[in-house]
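Here the structure is a predicted model, which is why all the values come from computation and not from measurement. Note that the numbering runs from 1 along the sequence shown for the chain.
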Amino acid sequence: MIENKPLILNIETATNVCSVSLTRGDIVLNYLECKEPNAHSKMLAVLIDKIFENTYYSLSEINAVAVSKGPGSYTGLRIGVSTAKGLAYGLGIPLLAIDTLQVLAYKARKKYPDCVYLPMIDARRMEVYTSLFDKDLKPLKEISANIVEEDIYKDFKGEKIILIGDGAKKCKSVLTDDRYVLDEDIYLQAKDMGYLSFEKYKNSDFEDVAYFEPYYLKEFIAIKSKVKGLYTQN
């Protein structure tokens with residue numbers, strides 16, 4: 001029965017879209033998102049408060065909190081993970097860390113079964129954070145920050161490869177072979193985390209709340225501004 005399954009709050013902040021979902025097992029009970037750029041710090045708490053409206057549940061009743069662990073935006077990941085850790089610690093519940101790229105691959109699989117999935121998160125210019133997943137969502141390549149070139153996936157000849165995520169559009173001009181299919185409608189949303197967070201919960205695959213850190217993949221670099229007294233972040 002669904003009521004016997006864990007109630008999980010899912011937090012996704014790895015890209016410009018900030019979103020939250022409430023799931024019972026892998027069933028989505030409520031979902032909210034904000035597409036306002038650079039609004040994660042002010043909107044995440046608002047979305048979490050509002051997610052329990054129109055449901056029978058309250059924040060104190062959740063069994064676990066799941067967060068997208070990266071790779072992705074340094075600032076976004078930091079905000080999401082710090083919020084999730086605070087909730088897990090304060091409520092005394094497990095913290096679940098979900099592979100950001102695998103969430104995209106899972107979403108693509110529902111629309112394009114039996115393909116290879118190439119999720120891409122924008123890392124500026126022609127670089128993307130990416131991996132490659134088979135139809136069972138098992139990684140075929142390690143997560144990496146890549147400069148996309150035409151023959152980068154030449155070892156996977158003959159297989160249809162689905163390009164997804166906010167970094168995929170800029171790569172389509174390079175990956176021009178017919179086997180590449182770009183779907184701009186598939187982007188990161190917390191409502192697609194439910195299946196993966198439920199699996200983590202069932203397997204007791206919990207993180208150490210005190211020591212868990214996001215998977216940034218690349219070191220954060222602070223760049224000194226040319227304007228006196230101001231600093232910008234890369």
**Student:** Begin from the C-alpha positions of K69 and F212 and carry the test side chain to side chain contact (heavy atoms under 4.5 Å, CB included) through to its verdict.
**Tutor:** CA-CA 9 Å; K69 70 177 183 180; F212 176 72; 3.8 Å; yes

**Student:** Please check if the side chain of S19 supplies one atom and the backbone of L32 the other of a donor-acceptor pair under 3.5 Å.
**Tutor:** no

**Student:** Can any side-chain N or O of K85 pair as donor or acceptor with the backbone N or O of D208 at less than 3.5 Å?
**Tutor:**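 No.
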
**Student:** Test of understanding: clusters of I, L, V, M, F, W, Y form through side-chain heavy atoms closer than 4.5 Å, transitively. Do I147 and L132 belong to the same one?
**Tutor:**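 No, it is not one cluster - the side chains of I147 and L132 are not joined through contacts under 4.5 Å.
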
**Student:** Parallel, tilted or perpendicular, judged at 30° and 60°: which one describes the rings of F206 and Y201?
**Tutor:** tilted

**Student:** Kindly say whether F198 contributes a backbone atom to a donor-acceptor pair with the side chain of D26 at under 3.5 angstrom?
**Tutor:** no

**Student:** Decide yes or no for Y106 and D99: does some side-chain heavy atom of the first lie under 4.5 Å from some side-chain heavy atom of the second?
**Tutor:** no

**Student:** For E36, is there an ion pair with K42 - N to carboxylate O distance below 4.0 angstrom?
**Tutor:**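 So K42 pairs with E36 through a salt bridge.
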
**Student:** For the backbone of Y112 and the side chain of Y117, can you confirm whether one donor and one acceptor N or O come within less than 3.5 Å of each other?
**Tutor:**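 Here the side-chain-to-backbone pair exists.
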
**Student:** May I ask you to say whether R179 pairs ionically with D177, meaning some side-chain N is under 4.0 Å from a carboxylate O?
**Tutor:** yes

**Student:** Report the C-alpha distance between D183 and L163 in whole Å, list the side-chain angles of each, state the deciding distance to 0.1 Å, and finish with yes or no for side chain to side chain contact (heavy atoms under 4.5 Å, CB included).
**Tutor:** CA-CA 6 Å; D183 192 326; L163 307 181; over 6 Å; no

**Student:** Run the side chain to side chain donor-acceptor pair (under 3.5 Å) check on S73 and T75 step by step: do they pass?
**Tutor:** CA-CA 6 Å; S73 160; T75 302; 4.9 Å; no

**Student:** Do the side chain of S131 and the main chain of K141 share a donor and acceptor less than 3.5 angstrom apart?
**Tutor:**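 Yes, the answer is positive, given that a donor and an acceptor are paired below the 3.5 Å cut-off.
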
**Student:** In terms of hydrophobic clustering (I, L, V, M, F, W, Y; side-chain heavy atoms under 4.5 Å; direct or indirect links), are L77 and V17 co-clustered?
**Tutor:**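 No.
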
**Student:** Side chains of S197 and N10: any donor to acceptor distance under 3.5 Å?
**Tutor:** yes

**Student:** So does D136 get a backbone contact from the side chain of D134, meaning a donor-acceptor N/O pair under 3.5 Å?
**Tutor:**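 Yes.
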
**Student:** Can you confirm whether more than 12 heavy atoms, excluding those of N38, are under 6.0 Å from its CG atom?
**Tutor:** no

**Student:** Under 3.5 Å, side chain of K200 to main-chain N/O of A97, donor-acceptor pair present?
**Tutor:**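 Checked: pair present.
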
**Student:** Write down the atom of T13, the atom of G80, and the distance for their closest heavy-atom approach.
**Tutor:**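 Where T13 meets G80 most closely, the heavy atoms are OG1-CA, 3.3 Å.
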
**Student:** D192 pairs by salt bridge (charged side-chain N to carboxylate O under 4.0 Å, His left out) with which of K110, K111, R109?
**Tutor:**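 That would be K110.
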
**Student:** With side chain to side chain contact (heavy atoms under 4.5 Å, CB included) as the test, pick out the partner of L118 among L175, I164, L182, L104.
**Tutor:**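 Only one of L175, I164, L182, L104 forms a side chain to side chain contact (heavy atoms under 4.5 Å, CB included) with L118, namely L175.
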
**Student:** Evaluate F133 against L101 for side chain to side chain contact (heavy atoms under 4.5 Å, CB included), listing each step before the verdict.
**Tutor:** CA-CA 9 Å; F133 294 86; L101 295 170; 4.0 Å; yes

**Student:** Side chain of H40, backbone of T15: donor and acceptor closer than 3.5 Å?
**Tutor:** yes

**Student:** Could you walk me through whether L44 and V20 pass the side chain to side chain contact (heavy atoms under 4.5 Å, CB included) check?
**Tutor:** CA-CA 8 Å; L44 181 55; V20 177; 3.7 Å; yes

**Student:** Treat each ILVMFWY residue as a node, draw an edge where side-chain heavy atoms are under 4.5 Å apart, and state whether L7 and I51 are in one component.
**Tutor:** yes

**Student:** Side chains of S21 and T23: donor-acceptor distance under 3.5 Å anywhere?
**Tutor:** no

**Student:** Given 3.5 Å as the limit, does a donor-acceptor pair link the side chain of T100 with the main chain of S68, or not?
**Tutor:**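 Between the backbone of S68 and the side chain of T100 there is no qualifying donor-acceptor contact (under 3.5 Å).
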
**Student:** What closest approach, in Å, do V148 and M120 show between heavy atoms, and which atom pair accounts for it?
**Tutor:** CG2-CE, 4.3 Å

**Student:** For I79, is there any backbone N or O sitting under 3.5 Å from a side-chain donor or acceptor partner on S82?
**Tutor:** yes

**Student:** Test of understanding: clusters of I, L, V, M, F, W, Y form through side-chain heavy atoms closer than 4.5 Å, transitively. Do I8 and Y31 belong to the same one?
**Tutor:**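 The answer is no; the residues belong to distinct hydrophobic clusters.
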
**Student:** Measure the shortest side-chain to side-chain distance between I93 and N63 over non-hydrogen atoms and say whether it is less than 4.5 angstrom.
**Tutor:** no

**Student:** For the residue pair M43 and K50, establish whether any side-chain heavy-atom pair is separated by less than 4.5 Å.
**Tutor:**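 The answer is no; the side chains never approach within 4.5 Å.
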
**Student:** Establish whether Y129 and L137 are linked, either directly or via other cluster members, by ILVMFWY side-chain heavy-atom contacts under 4.5 Å.
**Tutor:** yes

**Student:** Compare every heavy atom of D122 with every heavy atom of D166, then report the nearest pair and how far apart it is.
**Tutor:**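 What the structure gives for the nearest pair is OD1-N, 2.8 Å.
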
